[in-house]
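All ligand and atom numbering here is 1-based and tracks the order in the structure.
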Amino acid sequence: MTKYVFVTGGVVSGLGKGITASSLALLLKSRGYKVFMQKFDPYVNVDPGTMSPLQHGEVFVTADGCETDLDLGHYERFIDEELNYTSNITTGKIYSSVIEKERRGDYLGGTVQIVPHVTNEIKQKVYEAGTSSNADIVITEIGGTIGDIESLAFLEALRQVQYEQGKENVFFVHTTLVPFIYGSNELKTKPTQHSVIELRRVGIQPDMIVCRAPVSLDVSMKQKISMFCDVSVDYVIDSVDVKNIYEIPINYYKQKADERLLSQLQLPKRKINLSNWLKLIDIVDNLTQEIEIALVGKYVGLHDAYLSVVESLRHAGYYHNVKIKINWIDSEELVKQQNLDKVFANTKGIIVPGGFGSRGIEGMIKAVNYARINNIPFLGICLGMQVAVIEFARNVCHIDNASSTEFDELCNNPIIDLMTDQKSIINKGGTLRLGNYECHIKKGTLAYQDYGISTIYERHRHRYEFNNQYKAQLEKNGMIFSGINPGSNLVEIIELPNHPHFIACQFHPEFKSRPNRCHPLFNSFIKASKKHNK
Ligand code: GLN
């Protein structure tokens, strides 16, 4: 039977609820439990796919092609389990489904209401995560902050889950902020007390309170929170600011957070094995050499827009024993820059990640050109591959006005064009080429050297593709098409010989990198960048 853990947040957003949920999940998995994770996002969008990355951060894509919140990236990186479409539920998804049922006549004769129809739909998503994953424990994080209007239906549904499943099968973790007030120089518990009152107002009593604080909470502080919030003092856990997020699970472990949770859920403690995780922390804490990687993109104003890319660079850094310093370069600004030698003075590798729309494209092309001509290791991802091909077409093959129909619908040389099966699609939401697709890798290429196998599956999120009509011409000029989708002939990987390291892919390798197992393409990119450093 599956047990359910719900993680809510109070006081402010950005407390690291996702990391809290992931850390607990990691500890439970390290004790041999099968854990599955889920996030509820109370916004009305059906998925984050239509939101600006500058507002929402990156869209994480699961293997089965679901566009999800970036917290799912943390989940997958911490627990190393593939999540799926049951893992990210929004108000938009819930209401679409309820309205579809109403139109179909499923509720004939009834008045459709928030309680029970909407809450039933939410509960069904919780239970579905349990049954489809067959997990011992499902951990569901609820986005937003307690008190938000949008989350009310979700919280009511969770209250009902506890009512239906019993207190021994459902566990509520509430994360809050314990601020330090300068002047009086003390930590304050009042915001935590108030947010627990808000939670109780909707009928939920937290079982555990995780307090984000700049320093550890002493016993008297924990006792105060315990008394006011009616949570046993052993279940008040502090979450202090750390320099490396991988330390957080260990911090919870030391406070026995996972043991308490298991005890309340009446599950045996089981032996824990954290050796790999401790090894990782040791590596991260002892990196000596630092290398600078230039990340050229249009969303650099919000670093979360490239979260998985940055994490993947770091993972490869752990593998090669180097600390990665990112030089964030706004591609729109780069267009105006005269002196690129100055911009890239300390750069050992250039990466151009994914993106949408025409803004900032010429700056990306300029960066690719600089990397190609100056023999700087280059990795292009999705849009990054598309601009790399355009740069090559324009400057090596001399194809005038080579572009993508995404930026210039009427361009006379559409090197990148809308995929054929996209041409009849009108709706923007959920209609990209999404999730895992097969790619065959040509032997003797850099890609083959990186992967060491000839069939790979990688996650995608795009609408445009390389236009195969130009393939022969680009090949003649030296570009190697090293990865191809066998069914559609779609170009998945390109590379350039006679360059220390120049490779780009149509898919998103960053979604499959793990802290203990860096992705082959990031691995070789950082290896080459480290070498360039010498
Ligand atoms: N905008 C491009 C496309 O839709 C690239 C997408 C991406 O980088 N994720 O094909």
Side-chain angles (χ1 to χ4, degrees), residues 47-54 56-63 65-68 70 73 295-300 302 304-310 312 331-332 350-365 367-368 378-391 393 402-409 411 414-437 439 458-468 470 483 485 488-494 503-513 519 521:
D47 60 45
T50 53
M51 282 186 229
S52 162
L54 283 170
H56 182 269
E58 129 188 315
V59 172
F60 186 82
V61 182
T62 55
C66 190
E67 295 175 279
T68 73
L70 53 74
L295 188 154
V296 184
K298 58 196 286 187
Y299 314 121
V300 295
L302 182 69
D304 269 358
Y306 302 105
L307 185 64
S308 292
V309 170
V310 172
S312 304
S331 57
E332 219 173 4
I350 296 179
I351 185 164
V352 179
F356 291 82
S358 58
R359 186 178 64 81
I361 292 298
E362 292 307 320
M364 294 176 201
I365 294 177
V368 174
F378 172 79
L379 177 61
I381 295 176
C382 206
L383 180 67
M385 183 196 94
Q386 299 177 353
V387 293
V389 174
I390 292 172
E391 192 280 328
S403 191
S404 162
T405 47
E406 182 179 10
F407 327 136
D408 178 4
E409 231 174 306
C411 75
I415 302 289
I416 305 294
D417 200 4
L418 199 60
M419 285 181 274
T420 320
D421 52 6
Q422 285 282 336
K423 294 198 170 143
S424 56
I425 291 175
I426 297 165
N427 284 353
K428 290 272 185 276
T431 55
L432 295 151
R433 179 173 181 251
L434 292 166
N436 267 6
Y437 281 92
C439 166
E458 291 280 4
R459 302 185 194 175
H460 297 71
R461 181 169 185 253
H462 66 119
R463 216 181 282 283
Y464 294 82
E465 65 175 331
F466 174 71
N467 182 346
N468 276 321
Y470 292 90
N485 172 268
S488 62
N489 256 339
L490 184 144
V491 170
E492 296 276 9
I493 310 176
I494 63 103
I503 190 162
C505 51
Q506 185 57 75
F507 50 79
H508 291 268
E510 70 270 26
F511 298 141
K512 284 178 75 172
S513 175
H519 188 283
L521 294 181

TODO: Classify the side-chain pair Glu58/Ser308 by whether it contains a donor and acceptor separated by less than 3.5 Å.
DONE: yes
Task: Side chain Lys298, main chain Phe356, donor-acceptor under 3.5 Å - done: yes
- [ ] State plainly whether the residues Arg433 and Glu492 are in salt-bridge range, i.e. N to O under 4.0 Å.
- [x] yes
Task: Pair Arg461 + Glu67: basic N to acidic O under 4.0 Å - done: yes
- [ ] Sort out for me which residue in Glu510, His508, Glu458 forms a side-chain hydrogen bond (donor to acceptor under 3.5 Å, both in side chains) with His519.
- [x] Glu458
Task: Main-chain N/O of Pro414 paired with Asn467 side-chain donor or acceptor, under 3.5 Å - done: yes
Open item on the list: Using a 4.0 Å cut-off on heavy atoms, what residues surround ligand 1? Order them by chain and number.
Closed with: Gly354, Gly355, Phe356, Cys382, Leu383, Gln386, Glu406, Arg461, His462, Arg463, Tyr464, His508
